[in-house]
Amino acid sequence: MTQTTKTASIFDEVIDRTKTNSMKWAYSKQLLNADEAAANPLPMWVADMDFKAPQAVIDALHEAVEEGVFGYPGGATESYQQAVINWQKKRFGWSVKPEWLVQASGIITSLKTAAQAFSNPGDSILIQPPVYAHFHNDMLMNGRHLAFAPLIRTESGYEFDAQVFEDAIQPNTKVFIMSNPHNPTGNVWTEAELRTMGEICERHGILVIADEIHQDLIINPTKKHIPFASLGDRFAENSITCTAPSKTFNLPGLQSATLIIPNAKLRTEFERQYERNMFPLVNTLGMVAAEAAYAHGEAWLEEMLEYLRGNHRFLAETISSATDKVKVLPADSLYLSWMDCRELGMTAQELDRFMLTKARLWLDKGQKFGVEGHGYMRINLGCPRSTVEEATRRLLDAIK
């Protein structure tokens, strides 16, 4: 990969992450077999970015570290809560009350906790594949079944079908996990789609857990993220909204998330289950970073979004002009791109091996997102343009 010596953007900087115990860059020996690892594939799988966090976050962490005492935190500070509230109001027009906020170590942890709190082993959880692997695996791990309401593949992407959604509901379906925006397809749900999902769930007595971790990563400027619970009291009272600065500001290793639970009964039940599972304090430095990001990181985010839009354009235009064997689907959100590789004529396993050993790219295999993902690959574009250029070159050379 070419090292950038003079940068036009702060996001052009190539940072060597191979010695930082990064999951994305240091796990090849554990997760790949010998010949796959020997190919030295370029890691573009795990959904974290190869960008430095905003300087305001780094400065706040330095200040906290200089104090030198890392004792138990006293819970969410007023300034932390206000930073979260201000962010939701400014970015999405949603007025959130302080008492609705619940701190958690992460959204994956919270999804497991919510499944335990609001369903029983043997109950089913409604999901919309192809969708984030933890929606599948963590529910099964907790003894729940899955009710599948797959999105409809169209010529240009995916669509929500209300009839498919309602038909998937079973008598024992207790929870719907909504990916908003949707990972990996990048769908940004419209108000009408969200209302339809919410009304169907309300009719069937199903709780909505809205995973909105990608809410800030809108790539198509004509689209707008709408928090599900912001649509009115009936939706707010039947939902738990999961937010975190981890994707937006590249902070996942600091393990800090905020749940927004307007319904006091749901909030109490969630907190009770959370405390059954673990000590309910969050990482002190994660809270410091989150507050600094929400309070001072907006300009950084807007610059980063423009850079990501350029990465998405480059990948899609370069591949579409060179081959019809791979189709990069239009991206309305996420720093992740969903690629249709079915024209290569490979099984899911053959495609994975082709990418690792021939294209020498380590992407997220589509089957992780359900059977609907067979023949697809998810590629992480949260990286310098030079990395995207190298990945594109490797892929097209392998196809030729």
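Just so you know, residue 1 is the first one in the sequence shown, and it goes up from there.
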#### Entry: Donor on one side chain, acceptor on other, Ser79 and Glu291, under 3.5 Å
yes

### Other cluster members, Ile152 - Ile/Leu/Val/Met/Phe/Trp/Tyr, side-chain contacts below 4.5 Å
Val164

### Salt-bridge contact Glu298-Lys90 (side-chain N to carboxylate O under 4.0 Å)
yes

### Message
Less than 4.5 Å apart, side chain to side chain, heavy atoms only: is that true for Arg17 and Thr20?
### Response
yes

### Message
Tell me if the CD atom of Gln170 is crowded by more than 12 foreign heavy atoms within 6.0 Å.
### Response
yes

### Message
Tell me if a side-chain donor or acceptor on His136 pairs with a main-chain N or O of Lys368 at a distance below 3.5 Å.
### Response
no

### Task
Decide whether Leu126 and Ile107 are clustered together by the hydrophobic rule: side chain heavy atoms of Ile, Leu, Val, Met, Phe, Trp, Tyr closer than 4.5 Å, transitively.
no

### Query
Taking the six-membered ring for Trp, are His134 and Tyr132 parallel (under 30°), tilted (30 to 60°) or perpendicular (over 60°)?
tilted

### Query
Would Glu199 and Arg203 count as a salt bridge (Lys or Arg N to Asp or Glu O under 4.0 Å) if you check the C-alpha gap in whole Å, the side-chain angles of each, and the deciding distance to 0.1 Å?
CA-CA 6 Å; Glu199 288 164 357; Arg203 278 203 305 273; 5.4 Å; no

### More than 12 heavy atoms of other groups within 6.0 Å of Asp233 CG
no

### Side-chain donor-acceptor contact under 3.5 Å, Gln116 with Asn142
yes

### Query
Do His214 and Ser333 have side chains that get closer than 4.5 Å, going by heavy atoms?
no

### Task
Taking the side chain as every heavy atom from C-beta outward, state whether His204 and Ile200 have any pair of such atoms under 4.5 Å apart.
yes

### Message
Please tell me whether Asn40 and Arg360 have a donor and an acceptor in their side chains that are separated by less than 3.5 angstrom.
### Response
no

#### Entry: Any donor-acceptor N or O pair under 3.5 Å, side chains Tyr376, Arg342
yes

### Query
Roughly how far, to the nearest 0.5 Å, is CG of Leu301 from NE2 of His296?
15.0 Å

### Query
Counting distance only, does the side-chain N/O of Asn238 pair as donor-acceptor with the main-chain N or O of Ile206 below 3.5 Å?
yes

### Task
Could you verify whether a donor N or O on one side chain and an acceptor N or O on the other, from Arg144 and Asn120, lie under 3.5 Å apart?
no

### Message
Working note: Lys327 + Glu343, criterion salt bridge (Lys or Arg N to Asp or Glu O under 4.0 Å); need CA distance, chi angles, decisive distance, verdict.
### Response
CA-CA 9 Å; Lys327 183 175 183 180; Glu343 288 299 317; over 6 Å; no

### Task
Determine, stepwise, if the pair Glu269 / Lys265 fulfils salt bridge (Lys or Arg N to Asp or Glu O under 4.0 Å).
CA-CA 6 Å; Glu269 288 298 318; Lys265 185 176 184 296; 5.0 Å; no

### Summary
Checking Tyr80, Trp100, Tyr294 against Thr258 for side chain to side chain donor-acceptor pair (under 3.5 Å), the one that qualifies is Tyr80

